[in-house]
Amino acid sequence: MKHKALSIALAAAFLAGCTLAPHYERPEAPIATTFPSGPAYKTPGAANQNGTAGSNAVVAADLGWREFFTDPRLQKLIEIALQNNRDLRVSMLNVEAARAQYQIQRSALLPSVGAAGQASVQRMPADLTSSERASISRSYQVGVGFTSYELDLFGRIQSLKDQALETYLASEDTAKTAHITLVSEVATAYLTWLADQELLKLTSDTLKSQESSYQLTKRSFDVGTASGLDLRQAQTPVDAARANLAQYTRQVAQDENALALLIGQPLPADLPPGRPLDGQGLLADLPAGLPSDLLLRRPDVTAAEHTLKGANANIGAARAAFFPSISLTASAGTASASLSNLFKGGQGAWSFAPSITLPIFAGGQNRANLDLAKVKKRIEVANYEKAIQTAFREVSDGLAARGTLDDQVAAQESLVKASDESYKLSDLRYRNGVDSYLNALVSQRSLYSAQQSLIATRLSRWTNLVTLYKALGGGWEEHTVPANAGASSAPVASAS
């Protein structure tokens with residue numbers, strides 16, 4: 001009898017590790033093996049013609065944000081944000097909640113054993129007893145046991161545990177995505193702040209120049225050598241510059257407010273010196289020519305895959321509902337009619353109450369649950385493929401901008417230089433009485449517009465580089481991971 005019971009227990013333990021979930025196979029990535037090529041995708045660096053990097057290259061996901069964001073002031077702001085940002089804090093707390101939920105679900109695989117004591121005193125009136133005398137009965141019991149422990153013969157609880165594990169792993173990757181997004185948001189907000197500061201300074205300098213020209217024209221008007229039209233034409237750019245000055249003053253203040261929200265505190269007064277928007281070394285360059293399968297390392301893509309694995313595990317739980325469910329309730333201890341005899345010899349008591357539930361008719365509920373689980377898996381397959389396609393598009397867009405913005409900045413710098421020479425010549429001709437003020441005004445407006453566009457283009461170049469760094473999965477590591485360690489450092493989660 002003991003050997004038979006042991007065999008049943010071992011068989012139950014063995015079957016508890018099995019599930020009815022289908023074997024998981026990662027869907028094939030619905031993207032090309034390399035990123036697009038063409039005139040818009042000119043990339044600096046040492047990529048070969050096949051679009052793959054050298055064996056010693058460090059991919060963007062392993063490039064630490066301290067090595068990529070080389071501006072000391074920006075590094076400090078990112079460091080503060082990672083410590084104080086509330087959205088990131090919520091993401092990390094969600095990970096802890098998912099881990100606790102997984103531990104709760106995993107605990108269902110083992111019986112919950114507890115100790116219990118019970119005392120009962122009951123009085124029966126005389127007319128309800130056979131002796132026609134009132135009686136008082138007492139009973140006392142102490143024992144250890146478990147209640148309604150389900151033998152996971154068909155892997156229902158194991159499948160639910162696997163699903164909870166994948167939810168936990170997905171929450172970890174979601175927190176990584178929040179971390180990467182925060183780093184890029186701080187960098188983008190900081191670059192926007194720099195650009196608006198430069199626009200504010202440019203507008204302030206332009207306003208001084210235009211006010212000087214206006215005063216000169218007004219003196220000429222007062223002595224009768226300039227017409228009222230010349231005076232009003234000189235006043236127009238002054239008013240426009242004053243309006244722009246108010247606009248950029250407002251934008252700089254709002255940029256500081258945005259940064260304060262991201263870093264979770266007011267901007268410190270002791271920030272280290274920063275670098276100008278047009279300076280070299282504000283950001284590091286990114287490796288070029290990387291294969292597109294590196295996108296599978298992006299945390300949002302891996303989070304989508306964990307969600308898909310969780311949906312796959314749910315199918316196993318839905319299939320297990322078609323099979324019998326066996327639950328055990330057992331206890332062992334001592335019992336006595338009097339408290340003084342409770343722990344004496346011969347008072348041992350035990351109970352064993354197995355139960356089995358066999359589904360016969362549920363109105364199609366089990367079949368519908370299985371169909372629902374299969375449909376949800378197909379939904380998560382589509383979401384996983386969409387995540388890969390979105391990542392591929394983001395990187396491709398970033399590479400296209402990267403390959404053209406340098407040329408655009410160079411052309412804009414040349415335009416500013418030409419516009420500056422044109423304005424100087426037009427202003428000189430006006431001051432010498434050779435030409436009207438209209439030509440000088442047009443040249444001045446062209447120069448101001450070209451300078452504004454140059455600042456905006458430089459901002460686009462830097463923010464695109466930040467976006468590309470984020471799209472390639474960069475921003476999670478603080479310091480660069482060596483190339484030979486990057487391939488082996490990616491965690492492989494097990495659902496067993």
Side-chain angles (χ1 to χ4, degrees), residues 71 73-74 77 81 184-218 229-263 265-269 271 273-279 282-283 401 405 408-409 411-420 422-424 426-427 437-467:
D71 185 290
R73 177 176 291 191
L74 177 55
L77 291 172
S184 67
E185 285 180 346
V186 172
T188 301
Y190 175 74
L191 293 171
T192 303
W193 185 38
L194 291 184
D196 286 341
Q197 285 178 321
E198 292 201 6
L199 286 170
L200 179 61
K201 183 179 183 303
L202 169 65
T203 303
S204 178
D205 294 341
T206 301
L207 178 59
K208 292 178 182 178
S209 175
Q210 290 170 343
E211 286 178 338
S212 176
S213 298
Y214 173 77
Q215 293 299 328
L216 177 63
T217 305
K218 188 175 184 303
L229 178 60
D230 291 337
L231 181 63
R232 297 310 170 206
Q233 286 177 337
Q235 182 182 355
T236 300
V238 173
D239 292 338
R242 288 173 57 197
N244 288 342
L245 186 67
Q247 174 189 348
Y248 294 135
T249 301
R250 179 178 67 253
Q251 288 181 191
V252 168
Q254 291 174 342
D255 293 339
E256 293 178 359
N257 295 336
L259 275 172
L261 176 62
L262 288 172
I263 68 174
Q265 67 175 53
L267 294 182
L271 285 174
R275 296 171 181 170
L277 193 67
D278 59 346
L282 186 61
L283 303 179
L405 280 170
Q408 188 175 348
V409 168
Q412 199 67 40
E413 289 174 343
S414 178
L415 177 60
V416 169
K417 184 178 180 180
S419 299
D420 184 52
S422 175
Y423 169 64
K424 288 178 180 178
S426 299
D427 185 64
Y437 183 71
L438 180 60
N439 289 334
L441 176 62
V442 171
S443 298
Q444 189 180 47
R445 287 177 174 174
S446 298
L447 173 60
Y448 181 44
S449 176
Q451 290 171 325
Q452 288 176 306
S453 297
L454 176 59
I455 294 174
T457 306
R458 284 173 175 163
L459 174 62
S460 297
R461 177 182 180 274
W462 291 125
T463 55
N464 174 74
L465 199 57
V466 172
T467 302

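The structure displayed is predicted, hence computed values, not measured ones. The first residue in the sequence is number 1, and the count goes up from there. These values consider heavy atoms only, across backbone and side chains, with no hydrogens, waters or symmetry-generated copies.
- Within the 4.5 Å cutoff, the side chain of P268 has heavy atoms near those of the I263 side chain.
- For D420, the side-chain contact (heavy atoms from CB on, under 4.5 Å) partners are K424, L447, not counting sequence neighbours.
- Side chain of T217 to backbone of S213: a donor-acceptor contact under 3.5 angstrom is found.
- N464 places none of its side-chain heavy atoms less than 4.5 Å from the side chain of R461.
- E198 places a side-chain heavy atom less than 4.5 Å from the side chain of D278.
- Listed by chain and residue number, Y423 satisfy the side-chain hydrogen bond (donor to acceptor under 3.5 Å, both in side chains) test with Q444 (two or more places apart in sequence, or in another chain).
- Of all non-hydrogen atoms in A450 and S419, the two that sit nearest each other are CB-OG, 4.1 Å.
- Of all the heavy atoms in Q233 and L441, the pair that sits closest is O-CD2, 3.4 Å.
- Taken from CD in Q210 to CD in Q235, the straight-line distance is 12.0 Å, to the nearest 0.5 Å.
- Across L191, L194, L277, a single residue satisfies side chain to side chain contact (heavy atoms under 4.5 Å, CB included) together with R458, and that is L277.
- In this structure, CG in L262 is found 9.5 Å from CG in L77, a value given to the nearest 0.5 Å.
- No side-chain heavy atom of D427 sits less than 4.5 Å from a side-chain heavy atom of S443.
- Remark: side-chain polar atoms of S204 are not paired, donor with acceptor, to backbone N or O of L200 under 3.5 angstrom.
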Requested in this report: Using the side chain to side chain contact (heavy atoms under 4.5 Å, CB included) rule, take T236 and R445 through it: C-alpha gap first, then chi angles, then the decisive distance, then the call.
Outcome: CA-CA 10 Å; T236 300; R445 287 177 174 174; 2.9 Å; yes

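- Listed by chain and residue number, nothing satisfies the side-chain hydrogen bond (donor to acceptor under 3.5 Å, both in side chains) test with Q408 (two or more places apart in sequence, or in another chain).
- Looking at L267 and W193, their side chains come closer than 4.5 Å, going by heavy atoms from C-beta outward.
- The two atoms that bring V409 and L454 nearest to each other are O-CD1, 4.0 Å, heavy atoms only.
- Contacts classified as salt bridge (Lys or Arg N to Asp or Glu O under 4.0 Å) and involving residues 203-218 (residues at least two apart or in different chains) are given here: K201-D205, K218-D222.
- Remark: side-chain polar atoms of N439 are not paired, donor with acceptor, to backbone N or O of S426 under 3.5 angstrom.
- Taking every heavy atom of both residues into account, L259 and Y190 meet most closely at CD2-N, 3.9 Å.
- Considering Q254, Q251, Q247 as possible partners of D196, the one that fulfils the side-chain hydrogen bond (donor to acceptor under 3.5 Å, both in side chains) test is Q251.
- For Y448, the side-chain hydrogen bond (donor to acceptor under 3.5 Å, both in side chains) partners two or more places apart in sequence, or in a different chain, are T203, N244, Q452.
- Interatomic distance, S212 OG to Q215 CD, rounded to the nearest 0.5 Å: 8.0 Å.
- L282 CG to R73 CZ: the interatomic distance, rounded to the nearest 0.5 Å, is 11.5 Å.
- Taking CG of L199 as the reference point, atom CD1 of I455 lies at 4.0 Å (rounded to 0.5 Å).
- With sequence neighbours left out, the salt bridge (Lys or Arg N to Asp or Glu O under 4.0 Å) criterion links R242 to D239.
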